[in-house]
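Both counts, for ligands and for their atoms, begin at 1 and track the order of listing. All figures in this text were calculated on a predicted structure; none of them were measured in a lab.
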Amino acid sequence: MFIEPRVGNRHNAPRRGWIEVVCGSMFSGKTEELIRRLTRARIARQRVEIFKPAIDTRYHAEDVVSHNAARIRSTPVAIASEILLLAAGSDVVGIDEGQFFDSSLVDVCEQLANNGIRVIVAGLDMDYLGRPFGPMPALLATAEYVTKVHAVCVCCGEIASYSYRIAASASQVLLGESDSYEARCRPCFLEGMQAKEPTPEARPAAAH
Ligand SMILES: Nc1ncnc2c1ncn2[C@@H]1O[C@H](COP(=O)(O)OP(=O)(O)O)[C@@H](O)[C@H]1O
Ligand SMILES: Cc1cn([C@H]2C[C@H](O)[C@@H](COP(=O)(O)O)O2)c(=O)[nH]c1=O
Ligand SMILES: [Zn+2]
């Protein structure tokens, strides 16, 4: 939680880079934690760059904004490879909503870290069906540091790891907040998913 990089050292050893991932369900505090780490890096006078996918226009076109209105200025990018060009000269790179990038995000983070940059990615580990989301599983495998944060289940108050979709859409990507999603624990998520399944009577009859 308190990982602070050494920007240089007395012996002029090459600067070390690494990858940190902050994952969890919606409302679990991923963005807050990302902002907290980046703010500390700025206090330490490190050069910080922040990126988010351009499709994430939910709260603001440019700022990264948490559900409780903490915010930090970022650069929206259409594809992960843009980050490589824009991050040159940084000590620390923050990336929010990692799940929305394509699989090349993993390579981009590796290259940044190999070049001595501390990379912090926040993103959903699972989609609304509980499936691994986008490049996040591969990032979790390659990161040096992984933090899984939890929300509070809106049904029972236990810790929540699932993002339960209340909006009627079957597309994997559906931007939204509490109008479209609820943080739920495993039993409450399963209960909701079972309630959505059509009953045998409501299922279309098989063609003969
Ligand atoms: N069910 C919930 N559980 C926990 N926090 C919640 C919940 N609903 C709203 N919040 C708010 O969301 C904040 C976390 O927001 P944020 O960092 O944007 O989360 P994430 O990026 O993981 O979606 C919390 O500090 C809290 O104020
Ligand atoms: C579960 C799930 C979420 N989304 C969208 C909804 C929000 O716009 C973001 C997640 O934001 P947060 O910072 O983690 O709250 O992702 C989606 O498109 N598909 C999903 O399955
Ligand atoms: Zn619950």
Side-chain angles (χ1 to χ4, degrees), residues 1 20-41 50-80 94-103 105 119-140 143 145-196:
M1 290 292 252
E20 298 166 34
V21 173
V22 181
C23 67
S25 70
M26 289 182 68
F27 311 103
S28 60
K30 302 181 298 297
T31 303
E32 277 177 348
E33 178 60 17
L34 177 68
I35 293 174
R36 190 185 73 80
R37 292 184 191 188
L38 297 173
T39 303
R40 286 173 64 89
I50 306 141
F51 302 95
K52 70 171 189 175
I55 63 159
D56 181 35
T57 51
R58 191 175 36 153
Y59 286 120
H60 194 276
E62 285 174 3
D63 291 3
V64 162
V65 184
S66 75
H67 291 294
N68 65 349
R71 63 174 60 218
I72 194 163
R73 185 45 60 100
S74 73
T75 305
V77 290
I79 49 169
I95 302 169
D96 200 16
E97 306 291 355
Q99 75 277 358
F100 287 147
F101 285 99
D102 60 284
S103 59
L105 181 66
V119 184
I120 316 171
V121 184
L124 290 172
D125 43 10
M126 290 186 281
D127 70 6
Y128 74 107
L129 294 176
R131 299 174 300 195
F133 206 159
M136 292 305 290
L139 275 171
L140 288 165
Y145 303 101
V146 172
T147 307
K148 180 145 178 165
V149 283
H150 300 92
V152 176
C153 175
V154 297
C155 302
C156 73
E158 284 293 333
I159 62 162
S161 309
Y162 292 90
S163 309
Y164 180 75
R165 186 178 281 174
I166 49 179
S169 162
S171 138
Q172 188 180 44
V173 174
L174 175 74
L175 300 186
E177 35 185 305
S178 52
D179 54 329
S180 310
Y181 295 93
E182 290 177 353
R184 291 201 180 192
C185 69
R186 183 185 291 271
C188 295
F189 176 76
L190 289 175
E191 202 176 298
M193 296 302 281
Q194 277 155 13
K196 277 184 186 172

Give the residue, atom name and distance (to 0.1 Å) of the protein heavy atom nearest [atom].
atom: atom 24 (C) of ligand 1; result: E32 OE2, 3.7 Å
atom: atom 4 (N) of ligand 2; result: Y181 OH, 3.4 Å
atom: atom 27 (O) of ligand 1; result: N68 CB, 3.5 Å
atom: atom 15 (O) of ligand 2; result: H67 NE2, 2.7 Å
atom: atom 20 (C) of ligand 2; result: Q172 O, 3.4 Å
atom: atom 7 (C) of ligand 2; result: G176 O, 3.3 Å
atom: atom 21 (O) of ligand 1; result: T31 OG1, 2.8 Å
atom: atom 14 (O) of ligand 2; result: K30 NZ, 2.8 Å

Quickly, which of R73, K52, R71 forms a side chain to side chain contact (heavy atoms under 4.5 Å, CB included) with E62? Name it, please.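 Testing each of R73, K52, R71 against E62, the sole residue satisfying side chain to side chain contact (heavy atoms under 4.5 Å, CB included) is R73.
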
If we check side chain to side chain contact (heavy atoms under 4.5 Å, CB included) with I50, which of these qualifies: D63, D96, L38?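 For I50, the side chain to side chain contact (heavy atoms under 4.5 Å, CB included) check succeeds only for L38.
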
Evaluate H150 against S161 for side-chain contact (heavy atoms from CB on, under 4.5 Å), listing each step before the verdict. CA-CA 6 Å; H150 300 92; S161 309; 3.6 Å; yes

[X]: numbered ligand 2 atoms lying under 4.0 Å from its heavy atoms:
X: F133; result: 19 (N), 20 (C), 21 (O)
X: L175; result: 8 (O)
X: R165; result: 19 (N), 20 (C), 21 (O)
X: D127; result: 1 (C), 21 (O)
X: L174; result: 4 (N), 5 (C), 6 (C), 17 (C), 18 (O), 19 (N)
X: F100; result: 5 (C), 9 (C), 16 (O), 18 (O)

4.5 Å side-chain heavy-atom contact, [X] and [Y]:
X: R37; Y: V22; value: yes
X: L124; Y: M136; value: no
X: I95; Y: F101; value: yes
X: L190; Y: R184; value: no
X: Y181; Y: R165; value: yes
X: Y164; Y: K196; value: yes
X: F133; Y: Q172; value: yes

Do T31 and V65 pass the side-chain contact (heavy atoms from CB on, under 4.5 Å) test, and can you show the C-alpha distance, the side-chain angles, and the key distance before you say yes or no? CA-CA 7 Å; T31 303; V65 184; over 6 Å; no

Going by the order shown, which atoms of ligand 1 are within less than 4.0 Å of some heavy atom of [X]?
X: M26; result: 23 (O)
X: S66; result: 16 (P), 17 (O), 18 (O)
X: S25; result: 22 (O)
X: S28; result: 19 (O), 20 (P), 22 (O)

Polar contacts were defined as any N/O atom of the residue lying under 3.5 Å from an N/O atom of the ligand; does this apply to V152 and ligand 1? yes

Any N/O of F27 closer than 3.5 Å to an N/O of ligand 1?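 The answer is yes, given that F27 and ligand 1 share an N or O pair closer than 3.5 Å.
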
Considering C23, C155, G29, which one's heavy-atom position lies nearest to atom 14 (C) of ligand 1?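 Closest candidate by heavy-atom distance is G29.
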
Of the listed options R184, E33, K30, H67, closest to atom 11 (C) of ligand 1 (non-hydrogen atoms): H67

Measure the SG-NZ distance between C23 and K30 for me, rounded to the nearest 0.5 Å.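 Between atom SG of C23 and atom NZ of K30 there are 8.5 Å.
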
Might you point out which heavy atoms bring F189 and G130 nearest each other, and give the distance in Å?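 Of all heavy-atom pairs spanning F189 and G130, the closest is CZ-N, 4.0 Å.
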
If we set the cut-off at 4.0 Å for heavy atoms, which region of L124 has an atom near ligand 2: side chain, backbone, both, or neither?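 L124 to ligand 2: side-chain contact only, backbone stays beyond 4.0 Å.
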
Structural part of E177 in contact with ligand 2, heavy atom criterion under 4.0 angstrom: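 Contact part for E177 vs ligand 2: neither.
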
Say whether, by atom type as modelled, one donor and one acceptor occur between the side chain of S163 and the main chain of M26 under 3.5 angstrom. yes

Sub-3.5 Å N/O-N/O distance, E97 and ligand 2: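 Between E97 and ligand 2 (N or O atoms, distance only) the closest approach is under 3.5 Å.
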
Could you say whether the N/O atoms of Y128 and ligand 2 ever approach to under 3.5 Å? yes

Stepwise, does the side-chain contact (heavy atoms from CB on, under 4.5 Å) test hold for M193 with L129? CA-CA 8 Å; M193 296 302 281; L129 294 176; 3.4 Å; yes

Can a salt bridge be assigned to the pair E33 and R36 using a cut-off of 4.0 Å between side-chain N and carboxylate O?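 Salt bridge present between E33 and R36.
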
If you have a sec, read the angle at the Zn ion (ligand 3) from C188 atom SG over to C156 atom SG, to 10 degrees.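 Roughly 110°, rounded to 10°.
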
